[in-house]
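Worksheet for the structure shown next.
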Amino acid sequence: MRWWGSRERIIRAVSGEETRMKVGFIGLGNMGLPMAASLAAAGHELTVWNRTESKAAPLKEKGARVARSPAEAARGAEVVFSMLADDAAVTSAVFGQDGLLAGLAPGAVHVSSSTLSVALSERLAEAHASAGQRYLSAPVFGRPAAAASKQLWVVAAGPKQDVDRCRPLLEALGRGLTVLGDSAPAANVVKLSGNFLIASMMEALAESFALTRKSGIEPKVFLEVFQSVFARSPIFEGYAQLIAEEKYSPAGFKMRLGLKDVELVLGAARTAEVPMPLASLVKDQFLGGVAQGHGDWDWSALGALVAERAGLKQGG
């Protein structure tokens, strides 16, 4: 075996400390908290920030340091993850006073795991490059339970050397990683396209359950048929069960965020000049649900909206 480098580096490599990284994490919501916990469990030194500081308590108990601002969470970190609800939250956390951009050292990497517009991802790439910093887009597929059990699927895009540098962190978050190339916004296009597939699937599930229910077929019976014939994906099967059992609260992913994602899909489609009529239909479905006061229900509550239009009572 060939050895190189200083004696201290060799000792660190043998002890496993060579792979231990200083990581910042911004955003500790339903997804961010278990993702940060996975990084801590993998042995990385964690500094976290959340707008509501009390949400950081479980990580603080496990040794994480709690920062008072995104800039403080980024200061001294080799890699900083952000997992926030929407473009506005990311813009504030990155570009605002005491934002991530101000605290991140030259050469350090910002990994954005949020579901963002393609335009904001492009802006982030340009801003970090101008500051001498690095940027990866690495959104994830999976619900909070998948994040907690390290079953997320990560899609990452950005310069190869940065992906390679962050690979141990990305792999610590889930069951798999797809690398999409050097252009960071490509990961956002894939994430938005995937979320559109999920939203479309839920609309089809909602209509199918409403039709069978109104025709006198018990939801659990149709669910059994679905599970026996159609279900091969945990995502598809999980949402079918939520609609069949009408379990829309607490939300794993809120309907108002589903509306935001489909609007981002349509924005990307406009830019690329791709007609997506089903996306427009699903957007209107979500908009109707939010308008009726169901914005904080799980986005699978499309089942409730379609059932209501079919004259079905919830739980009936």
Side-chain angles (χ1 to χ4, degrees), residues 30-31 85-86 115 139-146 153 189-270 272 274-316:
N30 285 349
M31 293 294 293
D86 52 27
T115 301
V140 300
F141 288 106
R143 289 170 65 87
W153 194 275
V189 173
V190 169
K191 171 60 175 174
L192 293 175
S193 298
N195 275 16
F196 170 64
L197 286 174
I198 296 171
S200 302
M201 169 199 72
M202 287 188 297
E203 174 66 17
L205 283 170
E207 293 180 14
S208 298
F209 273 100
L211 174 60
T212 52
R213 227 178 112 192
K214 197 155 190 185
S215 300
I217 300 163
E218 288 290 324
K220 64 181 181 181
V221 174
F222 185 64
L223 177 62
E224 183 179 335
V225 172
F226 169 80
Q227 290 171 332
S228 300
V229 179
F230 303 106
R232 292 294 182 272
S233 163
I235 293 176
F236 207 178
E237 185 171 0
Y239 281 119
Q241 188 157 352
L242 290 177
I243 290 173
E245 298 177 356
E246 300 178 276
K247 290 184 177 179
Y248 306 127
S249 183
F253 189 73
K254 293 180 180 180
M255 185 175 288
R256 66 176 71 256
L257 295 179
L259 172 61
K260 179 265 296 185
D261 284 2
V262 177
E263 287 176 332
L264 293 178
V265 170
L266 287 168
R270 280 194 299 273
V274 176
M276 296 184 73
L278 183 56
S280 296
L281 181 149
V282 174
K283 182 205 78 171
D284 287 343
Q285 292 285 77
F286 281 139
L287 181 59
V290 172
Q292 293 174 47
H294 305 320
D296 290 332
W297 285 12
D298 193 87
W299 65 337
S300 59
L302 281 174
L305 303 180
V306 175
E308 183 179 357
R309 288 201 304 275
L312 296 163
K313 294 181 179 180
Q314 189 171 358

Closest approach of [X] to [Y] (non-hydrogen atoms, all atoms of both residues):
X      : Y      : result
Pro144 : Met31  : N-SD, 3.5 Å
Phe141 : Val190 : CZ-O, 3.7 Å
Ala199 : Val262 : CB-CG2, 4.2 Å
Leu278 : Ser200 : CD2-OG, 3.6 Å
Ala244 : Leu223 : CB-CD2, 3.9 Å
Lys191 : Val140 : NZ-O, 2.7 Å

Whether over 12 other heavy atoms sit under 6.0 Å from Lys260 NZ: yes
Glu245 atom CD, over 12 foreign heavy atoms within 6.0 Å: yes
Check whether any side-chain N or O of [X] sits under 3.5 Å from a backbone N or O of [Y] as a donor-acceptor pair, and report yes or no.
X      : Y      : value
Thr212 : Phe209 : yes
Asp298 : Phe253 : yes
Lys283 : Val265 : no

Atom [atom1] of [X] and atom [atom2] of [Y]: how far apart are they, to the nearest 0.5 Å?
X      : Y      : atom1 : atom2 : result
Leu266 : Phe196 : CG    : CZ    : 8.0 Å
Trp297 : Lys247 : CH2   : NZ    : 15.0 Å
Leu302 : Met202 : CG    : CE    : 5.5 Å
Asp86  : Leu259 : CG    : CG    : 11.5 Å
Gln241 : Ser300 : CD    : OG    : 11.0 Å
Trp299 : Asp261 : CH2   : CG    : 6.0 Å

Phe236/Ile198 under side chain to side chain contact (heavy atoms under 4.5 Å, CB included): CA gap, chis, key distance, verdict: CA-CA 8 Å; Phe236 207 178; Ile198 296 171; over 6 Å; no
Review item, side-chain donor-acceptor pairs of residues 284-294, under 3.5 Å, at least two apart:
residue, atom, partner, partner atom, Å
Gln285, OE1, Arg309, NH1, 3.3
Gln285, OE1, Arg309, NH2, 3.4
Gln285, NE2, Glu203, OE1, 3.0
Gln285, NE2, Glu203, OE2, 3.1
Gln292, NE2, Gly288, O, 3.4

